[in-house]
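Please read these numbers as outputs of a predicted model, since none were measured by experiment. Ligands are counted one by one from 1 in listed order, and the atoms in each one are counted from 1 as well. The chain is numbered in sequence order, starting from 1.
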Amino acid sequence: MATKKSVSSLTEGDLKGKRVFVRVDLNVPLDDSFKITDDTRIRAAVPTIKYLMSSGARVILSSHLGRPKGVTPKFSLKPLVPRLSELLGIEVKMADDCVGPEVEKLVAEIPEGGVLLLENVRFYKEEEKNDPEFAKKLASLADLYVNDAFGTAHRAHASTEGVAKHLKPAVAGFLMQKELDYLVGAISNPKKPFAAIVGGSKVSSKIGVIESLLEKVDILVLGGGMIFTFYKAQGYAVGSSLVEEDKLDLATTLLEKAKSKGVSLLLPSDVVIADKFAADANSKIVPASCIPDGWMGLDIGPDSIKSFSETLDTTKTVIWNGPMGVFEFDKFAVGTEAIAKKLAELSGKGVTTIIGGGDSVAAVEKVGLADKMSHISTGGGASLELLEGKPLPGVLALNDA
Ligand SMILES: Nc1ncnc2c1ncn2[C@@H]1O[C@H](COP(=O)(O)OP(=O)(O)O)[C@@H](O)[C@H]1O
Ligand SMILES: O=C(OP(=O)(O)O)[C@H](O)COP(=O)(O)O
């Protein structure tokens, strides 16, 4: 992807008094009483908004929340207003809609440096359809466009893609820029040795990532549920571990590919097995090659942690996507937590550590090490697509630098 124009290239002269449509990803988790349980994405959106505010722009914020089918009060963005106001240090106004005369009136009232949050853009089915007329309506609210919604950049929707065709300039926000710098920049031009750690439940959901990373890394460490498909392909006994029977040939091909490319591929040498898929399951540690019938592997074992750690000690860049085990159960979170701690330690020694979204981020946050990493992505699906080498529609639509 060509380098895109950044909001940082816009001066006060470009922004003062201008209406700026800013697509952010405020898709944060809310509990049953609409309390925000993780505000990371709101905090991540702040630098761009503050930059625009301090340049005297009139800021129109647009986001989705969840996957509503039509207007659904429980997916309203209203519960986010207090936290957003607190972080920005001003009273953020909220519109009940995202297009139409009422919204136009509220937009006209935004003072220089003020912020208006539009209601959930997915209340309109036209958003996900990238309907050109709807995109035009959104665009008609503003003079220029900033896309800072990295988490939604893999979607070609009206507010992430269509709207960019109608507003000039259409630029990347600071968060978008940072995500691209790390997930594209650091990976296409890494300090070597460069290692990738890929885990998670299934090999089928990570094929594209593994294949793409095999072209770039020196070391590939595999963990999580996907390893059992690799073991079974090698003829090991896997008990009742998670196996994708239709991906056995693929696993063999990936192992061969790693070999032919000179990539050092590490699978765990021992695993923690359980007699049922439950937090209170009985567990024991066994060599990875002999899991008894009726038992399933739910984490990597201590020898694997040791050898993975020793290998990671030799690296200068590490990217991690997907947990090493069922980290949601404390008993099987040890491997994932050990990797998180290892990466935090390596960051302190100058190694670039990138956490590529999804559950690995949740795992790093669970152990309180998020601020120790070089970069933690705010996008699960988006970071996976980037790592697979796919261009993101929300980025493609922006003006070239
Ligand atoms: N050995 C395992 N058996 C079954 N599920 C596993 C195992 N290891 C990890 N998982 C599960 O994988 C899930 C995350 O997988 P995935 O969605 O592919 O990762 P990510 O969200 O990081 O991309 C977690 O819910 C975790 O419990
Ligand atoms: O939370 C999101 O994606 P993610 O869970 O893959 O990080 C984004 O807000 C995109 O949401 P979507 O997958 O409903 O388009």
Residue that, paired with Y124, satisfies side chain to side chain contact (heavy atoms under 4.5 Å, CB included) out of V99, D131, L138: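 Answer after filtering V99, D131, L138: V99.
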Heavy-atom nearest neighbour in the protein, as seen from [atom], with distance rounded to 0.1 Å:
atom: atom 27 (O) of ligand 1; value: E328 OE1, 2.6 Å
atom: atom 15 (O) of ligand 1; value: S201 N, 3.0 Å
atom: atom 7 (O) of ligand 2; value: G380 N, 2.8 Å
atom: atom 14 (O) of ligand 2; value: R67 NE, 2.7 Å

Answer yes or no: does an N/O atom from [X] fall short of 3.5 Å to an N/O atom of ligand 1?
X: L242; value: no
X: G297; value: yes
X: D299; value: no

Just checking, any donor-acceptor pair under 3.5 angstrom between side chains of [X] and [Y]?
X: D249; Y: T252; result: no
X: T152; Y: D25; result: yes
X: S347; Y: T353; result: yes

Heavy atom of F329, distance to ligand 1 below 4.0 Å: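 Checking ligand 1 against F329, which is what was asked, there is no heavy-atom contact under 4.0 Å.
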M296 and ligand 1 - part of the residue with a heavy-atom distance under 4.0 Å: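 Looking at M296 and ligand 1, no heavy atom falls under 4.0 Å.
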Side-chain touch E127/H64, heavy atoms, less than 4.5 angstrom: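 Side-chain contact under 4.5 Å: no.
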Per-residue contact class, R122 against ligand 2 - non-hydrogen pairs under 4.0 Å: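 The answer is the side chain.
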Residue part near ligand 2, for R41, under 4.0 Å between non-hydrogen atoms: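 The answer is the side chain of R41.
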Ligand-side contact atoms (ligand 2) for residue partner N27, heavy atom cut-off under 4.0 Å: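 Reading through ligand 2 atom by atom, the close ones are 1 (O), 2 (C), 8 (C), 9 (O), 11 (O).
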